Visitor: 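After the structure tokens below, expect a handful of questions from me.
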Amino acid sequence: MDTVFLIARILLAVIFLLSAVGHVVNANAMAQYADYKGAPGGKAGVIASGIAMGVGGLMILLGVYGEIGALLIAATLIPVTFFMHAFWKETDPQARQTEQISFNKNLGLIGGALALFLLFASQGAAAGLTITEPLITIA
């Protein structure tokens, strides 16, 4: 069980760690795209979401208050999903389909982050291979 939990954490964390690097390295270009999509925050929002993804990803990966990291990821993805992948606003069928796929993918990632939150919060160190006990516990 410890190994499966660790693999799940690594796979989920890698997505967000790579995304965090992209947000910081390509902040100007991503800010222009975010502005085009109508997302608030501009460059600061891009960098802030990148930092949140990076910190959350590291917390999940290392098992350092992993439940907080998982909630941070979910909380970051919720507005990103609705602002950046608003498929219902697209008139072009191909663009609509692409955005709906991305929207659905993000829903799955939010679900995965919430499932990890539950595992960290309910199992604590018993879930295996964590550095800290959770701050939030669920009996």
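Starting from 1, each residue takes its place in the sequence as its number. Keep in mind that what you see is a predicted model, and the values were worked out from it rather than measured.
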Visitor: Test question: given the 4.5 Å side-chain rule for I, L, V, M, F, W and Y, name all other residues clustered with I7, or answer none.
Guide: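 L11, which link up through side-chain heavy atoms under 4.5 Å apart, make up the rest of the cluster.
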Visitor: About how many Å separate CE of M30 and OG of S19, when rounded to the nearest 0.5 Å?
Guide: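 Rounded to the nearest 0.5 Å, the OG-CE separation comes out at 5.5 Å.
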Visitor: Specify the closest pair of heavy atoms between A27 and I47, including all atoms of both residues, with the distance to one decimal.
Guide: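 Smallest heavy-atom distance, with atoms named: CB-CG1, 3.9 Å.
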Visitor: Which pairs would a plain distance check flag for residues 108-117, meaning a side-chain donor or acceptor within less than 3.5 Å of a matching protein atom at least two apart in sequence or in another chain?
Guide:
none

Visitor: May I have the step-by-step check of side chain to side chain contact (heavy atoms under 4.5 Å, CB included) for I51 and H23, ending in yes or no?
Guide: CA-CA 8 Å; I51 290 170; H23 275 69; over 6 Å; no
Visitor: State yes or no: do M84 and I101 share one hydrophobic cluster built from I, L, V, M, F, W and Y residues joined by side-chain heavy-atom distances below 4.5 Å, directly or via other members?
Guide: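 Shared cluster, no.
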Visitor: Only pairs at least two apart or in different chains count here, so list each ring-ring contact (aromatic ring centres under 6.0 Å, His included) that has a residue in residues 118-139.
Guide: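 Residue pairs with at least one partner in residues 118-139: F5-F120.
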Visitor: Using distance only, find each side-chain donor-acceptor pair of residues 70-83 under 3.5 Å and give its atom names and separation, not counting sequence neighbours.
Guide:
unit_1	atom_1	unit_2	atom_2	d
T76	OG1	L72	O	2.8
T81	OG1	L77	O	2.6
T81	OG1	N106	ND2	3.0

Visitor: Quick check for you: to the nearest 0.5 Å, what is the distance between L129 atom CG and L6 atom CG?
Guide: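 Here the interatomic distance stands at 5.5 Å.
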Visitor: For residues M59 and I131: do they belong to one hydrophobic cluster (side chain heavy atoms under 4.5 Å, members Ile, Leu, Val, Met, Phe, Trp, Tyr)?
Guide: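 Yes, because M59 and I131 connect within a single hydrophobic cluster, where side-chain heavy atoms sit under 4.5 Å apart.
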Visitor: Look only at the side chain of N26 and the backbone of A29, and say whether a donor-acceptor pair between them is shorter than 3.5 Å.
Guide: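 Pair absent, no side-chain N/O of N26 close to backbone of A29.
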Visitor: Just list the side-chain donor-acceptor pairs under 3.5 Å for residues 60-68, sequence neighbours left out, or say none.
Guide:
unit_1	atom_1	unit_2	atom_2	d
E67	OE2	L135	N	2.5
E67	OE2	I136	N	3.0

Visitor: Distance check, rounded to the nearest 0.5 Å: F87 atom CZ versus Q97 atom CD?
Guide: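 Between F87 CZ and Q97 CD, I get 12.0 Å after rounding to 0.5 Å.
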Visitor: For residues 37-46, which side-chain N or O atoms pair as donor and acceptor with protein atoms under 3.5 Å away, sequence neighbours left out?
Guide:
unit_1	atom_1	unit_2	atom_2	d
K37	NZ	E90	OE2	3.4
K37	NZ	E99	OE2	3.2
K43	NZ	N28	OD1	3.0

